Amino acid sequence: MKDPYYRLQSLEEVAIAAELGIILDVNRASIDDWLRLPGLSIHQARTLVELTTMGVQFLCLEDIAAALSVPVARLRPLEPILGFYFYDHDSVESPQRCNPNLAPLQDLSQLPLVDGALAERIVQERLRGGNYRNLADFQRRLGLKGDQVAQLMHYLQWI
């Protein structure tokens, strides 16, 4: 599977992916990652990502089934490629991510590389020009340098 956007078409392909060692980290998966699995809708993918973004960690298949309000049996065939890993959100190796379109000033100012003045600019520009569409829009509207955005992008998310 060299195509990063390839969607597994069947449970047989899920089994092959498992044999190849392909694992989906359920606590860090993006919407696109979830959509690679057969039988998951865009709504379900968004729900799972939204929950993990808000700090919910899935510890087992039953957690995902409960989050989606589906029977565990329906998800059981996907289990061989689902990885359940624990992340300490306070660790420097698991950076807290925030949505600059929703985050309050206090949360923004706690991000590395964001001082009080930049946090204030982020909020003011958001109020003036509306939500940031993506990282490029964020950079352009705030007039940030490429190296600064390259470091900040690990702490920002648009969901």
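Because the structure is predicted, anything quoted here is derived from the model rather than measured. Counting from 1, the numbers follow the sequence of the chain as shown.
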Inset, instruction - Answer yes or no: is there a side-chain heavy-atom contact under 4.5 Å between Leu24 and Leu78? - result: no
Legend entry - Residue pairs involving residues 111-123 (criterion side-chain hydrogen bond (donor to acceptor under 3.5 Å, both in side chains); sequence neighbours excluded): Glu120-Gln124
Inset, instruction - Report yes if some heavy atom in the side chain of Leu48 is under 4.5 Å from a heavy atom in the side chain of Leu40; otherwise report no. - result: yes
Legend entry - Contacts of type side-chain contact (heavy atoms from CB on, under 4.5 Å), residue Ala119, not counting sequence neighbours: Leu105, Leu108, Ser109, Val114
Legend entry - With sequence neighbours excluded, residues passing side-chain contact (heavy atoms from CB on, under 4.5 Å) with Leu113: Gln151, Leu152
Legend entry - Distance, nearest 0.5 Å, that separates CG of Leu102 from CG of Asp107: 10.5 Å
Inset, instruction - Name all pairs fulfilling the salt bridge (charged side-chain N to carboxylate O under 4.0 Å, His left out) condition that reach into residues 135-149, sequence neighbours left out, sorted by first residue then second. - result: Glu125-Arg141, Arg133-Asp137, Asp137-Arg140, Asp137-Arg141
Legend entry - Pairs where residues 65-78 contributes a residue and the test salt bridge (charged side-chain N to carboxylate O under 4.0 Å, His left out) is met, not counting sequence neighbours: Glu62-Arg76, Arg76-Glu79
Inset, instruction - Find out whether Gln57 and Thr52 are in side-chain contact, i.e. whether some heavy atom of one side chain is under 4.5 Å from a heavy atom of the other. - result: no
Legend entry - Within-4.5 Å side-chain heavy-atom neighbours: Asp63 and Val26: no
Inset, instruction - Evaluate the side-chain proximity of Trp34 to Thr47: yes if any heavy-atom separation is below 4.5 Å, no if none is. - result: no
Inset, instruction - Write down the atom of Pro77, the atom of Val14, and the distance for their closest heavy-atom approach. - result: O-CG1, 3.5 Å
Inset, instruction - Report yes or no: do Leu59 and Leu51 belong to one cluster of Ile/Leu/Val/Met/Phe/Trp/Tyr joined by side chain heavy-atom distances under 4.5 Å? - result: no
Inset, instruction - Looking only at non-hydrogen atoms, find the nearest pair between Cys98 and Leu111 and report the distance. - result: SG-CD1, 3.5 Å
Legend entry - Side-chain donor or acceptor of Arg126 paired with backbone N/O of Ala103 under 3.5 Å: yes
Legend entry - Point-to-point distance, once rounded to the nearest 0.5 Å, from CG of Asn134 to CG of Asn101: 10.0 Å
Inset, instruction - Please name the pair of heavy atoms, one in Pro38 and one in Leu11, separated by the smallest distance, quoted to 0.1 Å. - result: CG-CD2, 4.4 Å
Inset, instruction - Go through the structure and list residues passing ring-ring contact (aromatic ring centres under 6.0 Å, His included) with Phe58, not counting sequence neighbours. - result: none
Inset, instruction - Under the side-chain contact (heavy atoms from CB on, under 4.5 Å) rule, collect the residues that match up with Gln9, sequence neighbours excluded. - result: Tyr6, Arg7, Glu13
Legend entry - Under the side-chain contact (heavy atoms from CB on, under 4.5 Å) test, residues paired with Ala18 that sit two or more places apart: Pro80, Ile81
Legend entry - Rounded distance (nearest 0.5 Å) linking atom CG of Leu118 with atom CG of Leu142: 6.5 Å
Inset, instruction - State, with a plain yes or no, whether a side-chain heavy atom of Leu8 is found less than 4.5 Å away from one of Ile16. - result: no
Inset, instruction - Sorted by first residue and then second, give each ring-ring contact (aromatic ring centres under 6.0 Å, His included) pair with at least one member in residues 111-133; sequence neighbours left out. - result: Tyr132-Phe138
Inset, instruction - Mind checking the CD1-CG spacing from Ile23 to Leu82? Nearest 0.5 Å is all I need. - result: 8.0 Å
Legend entry - Flag, side chain of Gln139 to backbone of Leu144, donor-acceptor distance under 3.5 Å: yes
